[in-house]
Participant: 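To start, I am sharing the structure in question, which I have written as structure tokens.
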Amino acid sequence: MAVTYPQLSHGALQQILADQKVNRPVLQIIVYKQMSQSDQLKYRFQMSDGVETCSNFVIILPELIQRISKGEFEKFTVVELKAYTCTVNPGIGREIIVVSDMSVVMSGAKIGKRLDKQESNGGFLSNAGNTSLNGKPRAEPSKTASPMAAAKSGVSGPQSVCPISAITPYFNAWKIRARVTSKANKRNWSNARGEGCVFSFDCMDESTEIRVNAFTKECDKYYDLIEVNKVYYITKGTVKTANKKFSNLANDYEITLNSDSVVELCADIEVSEMPKIRYRFVQIKDLESVALQSVVDVLAVVKNVDECMSITSKKTQKELKKRDIALVDKTSYEVRFTLWNEVAEQFDGQTNQIIAIKNAVVGEFNGRTLSGVSSTTYQLDPDIPETNILKEWFEREGQTLSTNTLSKSYEGIRDNEWKFLSQINEQTVNGDNRSYFNIRARVVQTGRNPIYKACGQNGCLKKVTDNNNGFYHCAKCQTDSTQYEPRLVLSVALSDCTSEIWITLFQEQAEKILGISAKELHELQESNPPEFVKALTASEFKE
DNA sequence: CCCCCCCC
Ligand SMILES: [Zn+2]
């Protein structure tokens, strides 16, 4: 019995490469190979429309890459491109077609040969076969796709968009089209370098995501324009290395908007074309070993939702709203996740729902906690395969298992006994048996030099030595860097009516007692020694 | 150029 082969979209490649929209073209895979030159895994495909071939199809999306590895897109497979973007790669000045969704029409194994268009003169066939993987298709001779030429046009004009993953500090002719996934609050800042305001937003396309920062002038210019879930064209901007300490996005770079930047709303985009938010989940159990203040994504079952409550900030005396949510995942570990203000009030998740959290900050209060910050987002029952797996686990066994909680409850702490300083001795603080107790005492003296320079490499925090040439050496990482992180080890003398003792406070506790961050204190030490001493001694005689 | 994210 004869096999009926699928019909390829003859002529589609020429149209696609000429920037004409072709709806769901049906193409045949001729060959593909992994691209090795970048650290990000990518595949390059040669596709045929039956008339000609083009080798500039690129696959970056992890979901599609996984399907490639499962053998779904072998040689001669006919596919329908459900979503793709034709862009100019600023690196090579040539069109590339980034495929973000495709489905198999018929497997290559079943077809077993090329489905070139049968022409009476045979002309197409001879041309179709000879495009090399590095070659440019011979169609569309009039197209000049140099990025510099393209950059002269307006932002929503003819310059082709490129994938976010193509942005590097070495090219400035990029133009992206990206959906905003989160928008941080506008904040004021002031330090030795000046003062101003800032906000940032995270956005993504089919390829990856990136954080965009806007300072002062650009902050005022774009703050109202940027809205979550809307799609924007962005051109120009300074591309910088991202500091991983402050985001968990899948990008080594960030954009800082400048006076040349153009940001325009892209109104004519369908919701179905929007890529799904991608997460890089950390298991709750592993939060124990994650550096404090790091930014993580978590997928969990909502085990309990507390009421929203009002508290007063100690620092600003302002009234704040907060809501605690207990999360549990397949590790049977539980952690408390705190949402703040409007986000806390608006939270409408229910017990037993699955929650995917992006960009939560790891904190510490009698164990580990998670806190929402202004770039944190969450989805309830997200449309990802892990949701059902986790839901089934919870219904089957998770809900009856007892959990190991990383965030000890306030009630548990409150039950601890109160001690006078004179009661603290070798018996109460014995070696490996940790004991917890509360004390009420007055700070009578603070150590005078609490700041040390720590290694800033992904959570190392070992003390670095000053090479006295502008570099600081970390013996653990075996690296020299111009950067370091000021950290605190503060000795304080406590006194109550029974006794006086010296205790050592590390970073977070020291910041709390002093009421100033290590960074701010360090800046004071450098710029204003009298104020530094004042800040250090400010806590003395406080309870 | 920010990098705070609050409370028990
Ligand atoms: Zn180090």
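Quick caveat, the model's predicted, so the values are computed rather than measured. Every chain is numbered from 1 and lettered A, B, ... according to where its sequence line falls, protein lines coming before strand lines.
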Participant: Under a 4.0 Å N-O cut-off, is there an ion pair linking K534(A) with E531(A)?
Facilitator: yes

Participant: Provide, to the nearest angstrom, the distance between the CD atom belonging to E508(A) and the P atom belonging to dC4(B).
Facilitator: 12 Å

Participant: Apply salt bridge (charged side-chain N to carboxylate O under 4.0 Å, His left out) to R187(A) and list each qualifying residue two or more places apart in sequence or on a separate chain.
Facilitator: none

Participant: For dC6(B), take OP1 and OP2 only and decide whether either is under 4.0 Å from a side-chain N or O of K512(A).
Facilitator: no

Participant: Without decimals, in angstroms, what is the distance between N188(A) CG and dC5(B) P?
Facilitator: 16 Å

Participant: Is the closest side-chain donor-acceptor distance between T338(A) and D324(A) under 3.5 Å?
Facilitator: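 Yes, D324(A) and T338(A) have a side-chain donor paired with an acceptor closer than 3.5 Å.
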
Participant: State whether the distance check finds a donor on one side and an acceptor on the other, under 3.5 Å, for side chain K315(A) versus base dC6(B).
Facilitator: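 Donor-acceptor pair under 3.5 Å: no.
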
Participant: My understanding is that only residues two or more places apart in sequence, or in another chain, count here; which of them pass side-chain contact (heavy atoms from CB on, under 4.5 Å) with Y452(A)?
Facilitator: A454(A), K463(A), R487(A), V489(A)

Participant: Examine dC3(B): is either OP1 or OP2 under 4.0 Å from a nitrogen or oxygen in the side chain of R187(A)? Give yes or no.
Facilitator: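 It does, given that an N or O in the side chain of R187(A) lies less than 4.0 Å from OP1 or OP2 of dC3(B).
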
Participant: How long is the line joining CD of E307(A) and C1' of dC7(B), in whole Å?
Facilitator: 17 Å

Participant: With a 4.0 Å cutoff (strictly under), does any side-chain N or O of N191(A) reach OP1 or OP2 of dC2(B)?
Facilitator: yes

Participant: Round to the nearest Å and state the distance from E195(A) atom CD to dC3(B) atom C1'.
Facilitator: 18 Å

Participant: Assign N185(A) to base, sugar-phosphate, or nothing according to its heavy-atom contacts below 4.0 angstrom with the strands shown.
Facilitator: nothing

Participant: Could a donor-acceptor pair under 3.5 angstrom be found where the side chain of R323(A) meets the base of dC7(B)?
Facilitator: no

Participant: Distance check: side-chain N/O of S371(A) vs OP1/OP2 of dC6(B), anything under 4.0 Å?
Facilitator: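 For S371(A), the contact criterion (side-chain N or O under 4.0 Å from OP1 or OP2 of dC6(B)) is met.
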
Participant: Please check the phosphate of dC3(B) (OP1 and OP2 only) for any side-chain N or O of R211(A) closer than 4.0 Å.
Facilitator: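 Checking R211(A) against dC3(B): no side-chain N or O falls below 4.0 Å of OP1 or OP2.
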
